[in-house]
Amino acid sequence: MGLFQPDTDIFRNRDALREDYQPEEIVGRDDELQQYISALQPVINGDQPPNVFLYGKAGVGKTACTRYLLSELKADAAEYDIDLTTIRTNCEDLSTSYQVAIQLINKLRDPDDQLKPTGYPRRQVNEWLWEELDSIGGTIIIVFDEVDHIEDDSILYQIPRARANGNLTESKVGIIGISNDFKFRESLSSKVQSSLCEKELQFPAYNANELRDILRQRADIAFYDGVVPKEVIAKCAAFGAKDAGDARQSLDLLMEAGDIAVEQGAEEVTETHVDEARASLERSRIVDGVAGLTQQGHLVLYALVMLHEEGETPTRARTIQDRYEIVCERAAIDPLVPRRMRDHLNELAMLGIASRVERNKGEVGGRYYEYSLDTSPDLLLEALDETVDMVGVTEAIQKRLNQSY
DNA sequence: TGTCCACCGGAAATAACGGTTC
DNA sequence: GAACCGTTATTTCCGGTGGACA
């Protein structure tokens with residue numbers, strides 16, 4: 001027998017479960033699509049393209065609907081002789097308008113003429129952006145996915161006004177902003193609110209029935225007939241519905257369950273596979289979270305894990321600070337000031353690795369938080385050991401701490 | 001009712017870094 | 001190589017908070 005063998009045949013087309021898969025038909029978003037279509041109508045009329053804002057929690061079909069409608073719109077525009085260009089950009093790893101502008105320019109330029117992420121004056125970057133956009137001509141729609149990651153909104157009012165300000169003469173540009181964060185709208189300056197939010201669409205969460213329909217649709221494409229029983233679909237749907245009507249979560253879960261079934265050589269996906277898939281996804285969420293922390297974050301986490309192991313949690317930031325400083329000393333790294341250490345603790349809480357509870361002892365104790373570990377310490381230690389900046393460090397700390405106790 | 005504890009968390013300042021331009 | 005540019009992590013400063021206690 002060779003080293004490689006084909007997997008058992010349960011997947012017909014695994015890609016149909018991936019996030020970027022474009023289904024032929026959008027399920028459960030009829031009203032939203034209708035509103036969306038009328039918002040985009042000016043494009044077909046050859047008018048100034050609209051600025052549209054989409055709100056809704058993660059995995060409720062904002063991106064999928066946009067992708068679907070824009071491809072339809074492009075086909076229809078071609079039919080009516082309208083010169084339409086669409087540009088999609090994800091702002092996930094971007095935090096400023098400057099970086100967004102650079103990413104846009106790089107998308108429009110030759111691969112051998114790319115800009116570096118920093119170093120140029122702001123003005124220059126804007127100039128380049130106008131040049132690139134103007135050289136396209138016609139109608140342009142720019143989609144900013146996850147706009148809420150951008151901390152300053154200057155690009156969001158500069159683009160819609162570029163034509164009025166004489167920066168663009170050949171092109172008409174409209175923006176579609178997609179946001180997971182409802183509060184993002186209020187954080188926008190009034191300048192942006194008036195121009196960008198002319199059309200707003202709310203995407204509500206999917207209910208369990210809609211989720212089931214979506215899963216069924218995708219599963220029928222992804223798997224061979226009879227491989228995924230009803231109960232499995234229902235279980236995955238319930239998982240997504242419980243959290244926030246999140247279709248992406250459900251689809252990820254189903255895909256993972258399918259992978260596990262393949263690994264085990266099973267002929268169909270069972271509820272047990274779904275349970276295992278859930279544990280596995282949870283695990284990788286934590287591992288990824290830990291991997292994304294800075295070195296100082298790792299040290300803070302390490303201190304918290306130690307306190308947990310000793311049964312000292314829940315505990316306040318001050319005691320964690322003390323332990324953290326010991327850890328830093330053993331690791332020969334300068335400790336951070338308490339204010340900053342608290343920021344790292346809060347980050348752990350945000351990631352769901354730690355949790356915190358407010359306490360208030362009034363005049364004798366004041367107000368403070370108590371932190372505790374929310375995750376298996378074994379998994380965390382394992383993840384810490386794998387991170388580059390902690391290789392060898394955890395062991396060294398452990399050894400030297402054991403000696404001094 | 002008012003006081004007060006002790007941390008919380010926003011904001012401004014600073015340092016270090018990777019980059020460009022002349 | 002000096003001046004300039006933007007970003008990020010960090011430090012420093014300081015007003016805010018809310019329940020227990022008198």
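Keep in mind that what you see is a predicted model, and the values were worked out from it rather than measured. Every chain is numbered from 1 and lettered A, B, ... according to where its sequence line falls, protein lines coming before strand lines.
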Quiz item: Closest nucleotide of DNA chain C for V364(A) versus for R367(A): which of these residues is on the 5' side?
Solution: R367(A)

Quiz item: Which nucleotide, dT11(C), dC7(B), dT7(C), lies nearest any side-chain atom of Q99(A)?
Solution: dT7(C)

Self-check item: Listed nucleotide nearest any side-chain atom of R316(A), set dC7(B), dC21(C), dT11(C)
Solution: dC7(B)

Quiz item: Just checking R356(A): base, sugar-phosphate only, or nothing, at a heavy-atom cut-off of under 4.0 Å?
Solution: sugar-phosphate

Exercise. Examine dT10(C): is either OP1 or OP2 under 4.0 Å from a nitrogen or oxygen in the side chain of Q295(A)? Give yes or no.
Key: no

Self-check item: base_contact_polar (dT11(C) base, R339(A) side chain, donor-acceptor, <3.5 Å)
Solution: no

Quiz item: Is any side-chain N or O of H344(A) closer than 4.0 Å to OP1 or OP2 of dT10(C)?
Solution: yes

Self-check item: Where A277(A) and E256(A) come nearest, the two heavy atoms and their spacing
Solution: CB-CG, 3.6 Å

Practice problem: Tell me whether the guanidinium CZ or amine NZ of R29(A) lies under 6.0 angstrom from the six-membered ring centre of Y206(A) and within 45° of its axis. | Solution: yes

Quiz prompt | Length of the CD1-P vector between I150(A) and dG6(C), whole Å | solution = 17 Å

Quiz item: Just checking N346(A): base, sugar-phosphate only, or nothing, at a heavy-atom cut-off of under 4.0 Å?
Solution: sugar-phosphate

Self-check item: Which nucleotide in dT20(B), dG18(C), dG9(B) has an atom nearest any side-chain atom of Y120(A)
Solution: dT20(B)

Quiz item: Taking atom types as modelled, is there a side-chain donor on S154(A) or D152(A) under 3.5 Å from an acceptor on the other?
Solution: yes

Exercise. Just call it for R342(A): base, sugar-phosphate, or nothing, with non-hydrogen atoms closer than 4.0 Å on any strand.
Key: base

Quiz item: Which nucleotide in the set dT7(C), dC7(B), dT17(C) lies at the smallest distance from any side-chain heavy atom of R318(A)?
Solution: dC7(B)

Exercise. Answer yes or no: is there an ion pair linking D343(A) with R340(A), defined by an N-O contact shorter than 4.0 Å?
Key: yes

Quiz item: Starting at the 5' end of DNA chain B, which residue's closest nucleotide do you reach first, G362(A) or Y371(A)?
Solution: G362(A)

Practice problem: Any side chain to side chain donor-acceptor pair (under 3.5 Å) involving residues 57-68 of chain A? Give me the pairs, sequence neighbours left out, ordered by first then second residue. | Solution: Y36(A)-T66(A), K62(A)-N180(A), T63(A)-D145(A)

Quiz item: Roughly how many Å is it from CG in N360(A) to C1' in dA6(B), rounded to a whole number?
Solution: 10 Å

Exercise. Take atom CG of L336(A) and atom C1' of dT8(C), then tell me their distance rounded to the nearest Å.
Key: 14 Å

Exercise. Would you kindly give the OH-to-P distance between Y98(A) and dT8(C), to the nearest whole Å?
Key: 12 Å

Quiz item: Is there a side-chain polar atom (N or O) of Y369(A) under 4.0 Å from OP1 or OP2 of dG9(B)?
Solution: yes

Practice problem: When you get a sec, tell me which of dG19(C), dC8(B), dT20(B) is the closest nucleotide to the side chain of A317(A)? | Solution: dC8(B)

Quiz item: To the nearest angstrom, how far is E363(A) atom CD from dA6(B) atom C1'?
Solution: 12 Å

Practice problem: Return yes if the base of dG19(C) and the side-chain atoms of R359(A) contain a donor-acceptor N/O pair under 3.5 Å, otherwise no. | Solution: no

Self-check item: DNA chain B: 5'-proximal contact among P121(A) and T118(A) (nearest heavy atom)
Solution: T118(A)

Self-check item: From dA20(C), dT10(C), dT12(C), nucleotide with atom closest to V337(A) side chain
Solution: dT12(C)

Practice problem: Would you kindly give the CD-to-P distance between Q296(A) and dT8(C), to the nearest whole Å? | Solution: 18 Å

Quiz item: Are the side chain of K361(A) and the backbone of Y368(A) linked by a donor-acceptor contact shorter than 3.5 Å?
Solution: no

Practice problem: Kindly indicate whether the side chain of R122(A) and the base of dG6(C) share any N or O donor-acceptor pair separated by less than 3.5 Å? | Solution: no

Exercise. Mind calculating the distance between CZ (R340(A)) and P (dA12(B)) to the nearest angstrom?
Key: 17 Å

Quiz item: What is the distance, rounded to the nearest whole Å, between atom CD1 of I102(A) and atom P of dG19(B)?
Solution: 12 Å

